[in-house]
Amino acid sequence: MIEFSLLAALLAGLLGGVHCVGMCGGIVAAFSFRADGSAPPFRLHLAYNLGRIASYTLFGALAGALGASLKLTGFMPLQTLLYVLAQVVMILLGLYLAGFNQWVLVFERAGGALWRRVKPLFQKLLPVKTLPQALLAGLAWGWLPCGLVYSVLVSAVAAGSAPSGAALMLAFGLGTLPNLLGMGMFARQIQPFMQLVWVRRAAGLTVAGFGVWGLLALAYSHFAPA
């Protein structure tokens, strides 16, 4: 069901823009002005985001490799448990995006210690003036503790291989690209729309629906008549 997982990850990234506005708004704002006060060109914003997505892809490969090592145990209930866990996390993530719970913040607090080590390196790259500098800043940005990223990483573990985990996180990263790239260029126009209650509810419930669908597909594969 890797195709389904890739689609779910892509849409989780796209619809997760309601979270990205609040989570990454400060960083995008830091990227949005040069030292002379002028706005950076589009290619710098693109380089920031390509660096960020590269970090996500690396995380996905590592998570998938972890999943592969767990598969080597040959313990089938464990593989099923990982899949079920990934779908449950997807449901909880959707409910968070819809504004019905705050559980994702637990993940973000857990990643805070690592970000405190990366943040000084990130700050040394500002203000960004060149494309290589923008790419490095984007790579560091990818380490920002984000419950949305961590939630999808659970699915990367369940993917069961490094290539599949990397592909899943790449799909997620590409899903986030329109929102975060657009935020860098048109922050004032986008932010009010993404904070509308009905937008948050629609986005979140759609993401949760993918988790429900995944659980139903698993149940059908186990209990459907031959």
Side-chain angles (χ1 to χ4, degrees), residues 6-34 38-60 90 93-94 96-99 104-105 107-108 111 114-115 118-119 121-123 125-153 155-156 166-196 199-200 202-204 206-207:
L6 289 174
L7 178 60
L10 179 71
L11 289 179
L14 181 63
L15 298 174
V18 295
H19 173 76
C20 296
V21 167
M23 187 67 198
C24 295
I27 288 182
V28 173
F31 286 154
S32 295
F33 297 97
R34 293 176 182 244
S38 64
F42 175 81
R43 65 179 183 275
L44 284 182
H45 279 291
L46 184 60
Y48 298 141
N49 282 281
L50 290 180
R52 177 180 57 82
I53 293 171
S55 286
Y56 293 169
T57 304
L58 173 62
F59 300 158
M90 187 68 71
L93 174 60
Y96 166 75
L97 294 175
V104 165
L105 300 181
F107 277 5
E108 292 178 2
L114 182 59
W115 173 244
V118 177
K119 187 176 180 180
L121 301 176
F122 171 77
Q123 290 175 326
L125 295 168
L126 301 177
V128 172
K129 298 179 181 179
T130 66
L131 285 177
Q133 196 177 1
L135 188 63
L136 287 173
L139 286 168
W141 179 11
W143 291 82
L144 181 74
C146 174
L148 187 60
V149 174
Y150 297 160
S151 300
V152 182
L153 274 174
S155 295
L168 193 145
M169 289 304 294
L170 174 60
F172 166 76
L174 292 175
T176 66
L177 185 59
N179 287 311
L180 287 172
L181 191 57
M183 198 187 309
M185 305 301 294
F186 311 106
R188 291 182 179 178
Q189 293 86 345
I190 290 177
Q191 188 166 353
F193 174 76
M194 298 301 289
Q195 294 302 312
L196 292 174
V199 173
R200 292 181 60 88
T206 300
V207 171

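- Atom CG of L97 and atom OG1 of T206 lie 10.0 Å apart (nearest 0.5 Å).
- In this structure, OH on Y56 lies 12.5 Å from CG on L170, to the nearest 0.5 angstrom.
- Using a 4.5 Å cut-off on side-chain heavy atoms (C-beta onward), L10 and F172 make no contact.
- Annotation for L174 and P178: closest pair O-CD, 3.3 Å, computed over non-hydrogen atoms.
- With sequence neighbours excluded, the residues satisfying side-chain contact (heavy atoms from CB on, under 4.5 Å) with L58 are L62.
- L11 places none of its side-chain heavy atoms less than 4.5 Å from the side chain of V207.
- Under the side-chain contact (heavy atoms from CB on, under 4.5 Å) criterion, L139 pairs with A54, S55, L136, not counting sequence neighbours.
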Criterion side chain to side chain contact (heavy atoms under 4.5 Å, CB included) on L93 and L148, from CA distance to verdict: CA-CA 7 Å; L93 174 60; L148 187 60; 3.4 Å; yes

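- No side-chain heavy atom of S151 sits under 4.5 Å from any side-chain heavy atom of M90.
- With contacts defined as side-chain heavy-atom distances shorter than 4.5 Å, the pair N49/W141 qualifies.
- Counting heavy atoms from C-beta outward, I53 and T57 have side chains that approach closer than 4.5 Å.
- Residues satisfying the side-chain contact (heavy atoms from CB on, under 4.5 Å) test with A134, not counting sequence neighbours, are L44, A47, Y48, V128.
- N179 and G13 get closest at one heavy-atom pair: ND2-O, 4.0 Å.
- The ring-ring contact (aromatic ring centres under 6.0 Å, His included) check on Y150 picks up nothing, with sequence neighbours excluded.
- Legend: residues meeting side-chain hydrogen bond (donor to acceptor under 3.5 Å, both in side chains) with T176, ordered by chain and number and at least two apart, are R52.
- Looking at heavy atoms from C-beta onward, M169 lies in side-chain contact with V149 at the 4.5 angstrom threshold.
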